[in-house]
Amino acid sequence: MNAEPTPAPGVIVVDGAADDLLATLVRVLRRLCAGERVRHLRAPPVLAAAVAERAGYAASFPHLLGTVGRGGAATDLVLTPAACYHVYPRYEGRTLAGPEELSVVADCFRQEATAEPGRLRSFRMYETVLLGTPEQCLTWRDDRLDRLTRWLETLGVRPVTRPANDPFWGRTGKLLAAAQQADGLKWELAADVAPGVRQAVVSVNYHKEHFGAAFGIRAAGGAPAHTACLGLGLERLLLALRHAHGPDPERWPVPVSGALTP
């Protein structure tokens, strides 16, 4: 099972065995995090630029956003920065009768400044999103963090839970990042992906009413819906598994193989 670098920093190529394992991870995560009742989407690697603008990504993370050009001019598309951005427009203008949950996988891109192991510019992301009330979102987020912690422990990658913040741009971004961490809105599960290199494999986030207000999504009482999400970088988890157990899944411990059974 190989994951090899390419001439482009932060871009890797995986072989068939690794690709099969990534597909298996998605099936396991769907069962673990969402269940059969939750609708699942496979999203494209591009996103409407207008969605990135309305969601605030273009303003908050311009240094990470990749644009799609034609003849030197920008088009109406950007490269998908996170799988969940394909979810919110699907609920635009709706009033929710109750909490809604949706899972999605997308090929994502972020123009990372470094290319240390696991700091990928092109990667696949699994996400599950909950839309509902503040109480529903916080309860769901904490539950999913607990589920993923126990699962990663079974996989033998020794996750470390830590508060986190998004890499907002500029001076204002530093204030937003500090507030995000102070309010405990974002938590990560980090694991070693190479000797001396630890990266976040899972993040769980509570967005408050940010996306509900941006897309006109309302909870049953009429107030803007709140949202929460969990995201998992599939290639990063692959690197963590390889680092912990070696490149041959046939030699991995039995409990690990069991935790990877859909």
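Worth knowing before you read on, the calculation uses all heavy atoms, side chains too, and leaves out hydrogens, waters and symmetry mates. Only a predicted model underlies this, so the values are computations on that prediction, with no experimental measurement involved.
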Is there a side-chain contact between [X] and [Y] in this structure, where contact means two heavy atoms from C-beta onward sitting under 4.5 Å apart?
| X | Y | value |
| --- | --- | --- |
| R110 | L79 | no |
| D143 | L145 | no |
| L152 | V202 | yes |
| L131 | I217 | yes |
| H86 | T80 | yes |
| Y88 | V129 | yes |
| P62 | L65 | no |
| E153 | T149 | yes |

Testing the 3.5 Å rule here: is there a donor-acceptor pair between the side chains of T133 and H226?
no
For Q181 and N165, test the side chains for any donor-to-acceptor distance below 3.5 angstrom and give the result as yes or no.
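Present: a donor and an acceptor within the cut-off.
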Measuring from atom [atom1] of [X] to atom [atom2] of [Y], what distance do you get when rounded to the nearest 0.5 angstrom?
| X | Y | atom1 | atom2 | answer |
| --- | --- | --- | --- | --- |
| R144 | T139 | CZ | OG1 | 10.5 Å |
| L96 | R218 | CG | CZ | 11.0 Å |
| W140 | L130 | CH2 | CG | 6.0 Å |
| R150 | R147 | CZ | CZ | 8.0 Å |
| L21 | R242 | CG | CZ | 10.5 Å |
| N205 | C84 | CG | SG | 8.0 Å |

Transitively linked via ILVMFWY side-chain contacts under 4.5 Å: [X] with [Y]?
| X | Y | value |
| --- | --- | --- |
| F123 | V201 | yes |
| L22 | W151 | yes |
| W252 | L25 | yes |
| M125 | L155 | yes |
| Y206 | W187 | no |

Between [X] and [Y], which heavy-atom pair has the shortest distance, and what is it?
| X | Y | answer |
| --- | --- | --- |
| H245 | P253 | ND1-CD, 3.7 Å |
| C229 | E127 | SG-OE1, 3.5 Å |
| A97 | A220 | O-CB, 4.2 Å |
| G212 | P224 | C-CB, 4.3 Å |
| S103 | Y126 | CB-OH, 3.5 Å |
| A43 | V104 | CB-CG2, 3.8 Å |

Is the backbone of [Y] close enough, under 3.5 Å, to the side chain of [X] for a donor and an acceptor to pair up by distance?
| X | Y | result |
| --- | --- | --- |
| N2 | D15 | no |
| R236 | A200 | yes |
| T6 | V11 | yes |
| R121 | E112 | no |

Table please: side-chain donor-acceptor pairs of residues 189-196 below 3.5 Å, with sequence neighbours left out.
| residue | atom | partner | partner atom | Å |
| --- | --- | --- | --- | --- |
| D192 | OD1 | R198 | NE | 3.2 |

Pair listing, side-chain hydrogen bond (donor to acceptor under 3.5 Å, both in side chains) test, anchored in residues 43-70, at least two apart:
R54-E92
What I want to find out is whether [X] reaches [Y] closely enough, with some N-O distance under 4.0 Å, to be called a salt bridge.
| X | Y | result |
| --- | --- | --- |
| R42 | D107 | yes |
| E235 | R124 | yes |
| E188 | R162 | yes |
| E100 | R39 | no |

Worked verdict on T154 versus V256 for side chain to side chain contact (heavy atoms under 4.5 Å, CB included):
CA-CA 6 Å; T154 304; V256 175; over 6 Å; no
Test H210 against T227 for side-chain hydrogen bond (donor to acceptor under 3.5 Å, both in side chains), laying out the working first.
CA-CA 8 Å; H210 176 81; T227 61; over 6 Å; no
Output a table of donor-acceptor pairs, distance under 3.5 Å, between side-chain atoms of residues 26-33 and any protein atom two or more places apart or on a different chain; print 'none' if there are none.
| residue | atom | partner | partner atom | Å |
| --- | --- | --- | --- | --- |
| R27 | NH2 | T24 | OG1 | 3.1 |
| R31 | NH2 | T261 | O | 3.0 |

Verify side chain to side chain contact (heavy atoms under 4.5 Å, CB included) between V105 and H40, making sure each step is shown before the conclusion.
CA-CA 8 Å; V105 168; H40 178 71; 3.7 Å; yes
Parallel, tilted or perpendicular for Y85 and F211, by the 30°/60° rule?
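It falls in the perpendicular class, over 60°.
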